[in-house]
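To keep things clear, I will list the structure first and then write my remarks on it.
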Amino acid sequence: MAQLSRQLVLEVENEIKCPADAFYEFMKNKFIDAHLLFPEIYKNSKVLQGDGKSLGSVIQWSYVIDAKSDQYLEVKAKLSEVDDEKR
């Protein structure tokens, strides 16, 4: 089976109900563990390259598409930019 590979940039704007600094800290340093906190959304995650936090790290996530049929989508992301000043 052929694999489809695409490079996408995703920007999302959403209202959150927690302090902005706490959310930024989670996204920057702990998102690799999102599958432990949100198992209904993320099946698993793993670091493929680097430490998962520094530039150049590559992380793979499995998102649950349909919990009833256990379908999921695997996504690889490379950390290419972190802007602590604009957090």
Side-chain angles (χ1 to χ4, degrees):
M1 179 188 289
Q3 285 188 320
L4 178 62
S5 179
R6 265 187 246 186
Q7 184 175 8
L8 301 171
V9 175
L10 176 64
E11 291 186 29
V12 176
E13 186 173 323
N14 202 348
E15 185 175 337
I16 57 171
K17 294 182 180 181
C18 73
D21 286 338
F23 181 75
Y24 181 79
E25 179 68 24
F26 171 77
M27 293 301 292
K28 181 178 178 187
N29 295 312
K30 298 179 179 133
F31 191 68
I32 187 66
D33 295 325
H35 67 285
L36 301 173
L37 299 170
F38 309 105
E40 66 281 358
I41 299 172
Y42 302 100
K43 183 173 179 164
N44 61 44
S45 60
K46 60 184 169 183
V47 177
L48 301 177
Q49 181 178 324
D51 62 5
K53 299 176 185 177
S54 59
L55 295 180
S57 292
V58 177
I59 304 167
Q60 177 177 306
W61 287 279
S62 297
Y63 294 91
V64 174
I65 296 173
D66 182 3
K68 293 178 185 173
S69 66
D70 199 32
Q71 292 181 336
Y72 61 95
L73 173 67
E74 288 187 347
V75 177
K76 291 180 188 175
K78 183 174 185 177
L79 185 57
S80 61
E81 183 179 355
V82 175
D83 190 343
D84 288 326
E85 291 184 21
K86 290 185 177 180
R87 64 179 174 194

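We count residues from 1, following the sequence as given.
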Please find the pair of heavy atoms, one from [X] and one from [Y], that lie closest to each other, and give the distance.
X   : Y   : result
F26 : L37 : CE1-CD1, 3.5 Å
K53 : N29 : CE-O, 3.2 Å
S57 : G52 : OG-N, 3.0 Å

With a 3.5 Å cut-off and sequence neighbours excluded, list the donor-acceptor pairs that the side chains of residues 38-45 form with protein atoms.
from : atom 1 : to  : atom 2 : distance (Å)
N44  : OD1    : S62 : OG     : 3.0
S45  : OG     : I32 : O      : 2.4
S45  : OG     : H35 : ND1    : 2.8

- [ ] Look at atom OH of Y63 and say whether more than 12 heavy atoms of other residues, nucleotides or ligands are closer to it than 6.0 Å.
- [x] yes
Supply the atom-to-atom distance [X] [atom1] to [Y] [atom2], rounded to the nearest 0.5 angstrom.
X   : Y   : atom1 : atom2 : value
K78 : K76 : NZ    : NZ    : 12.5 Å
K46 : E74 : NZ    : CD    : 7.0 Å
Q49 : L79 : CD    : CG    : 11.0 Å
I59 : F31 : CD1   : CZ    : 8.5 Å

TODO: Could you tell me whether the side chain of K28 reaches within less than 4.5 Å of the side chain of D84, counting heavy atoms only?
DONE: yes
- [ ] Report yes or no: does D33 contribute a side-chain atom to a donor-acceptor pair with the main-chain N or O of L36 at less than 3.5 Å?
- [x] no
Task: ILVMFWY network linking V47 to V82, side-chain heavy atoms under 4.5 angstrom - done: no
- [ ] Give the cluster check for V75 versus V64: same hydrophobic cluster or not, with ILVMFWY residues linked at side-chain heavy-atom distances below 4.5 Å.
- [x] no
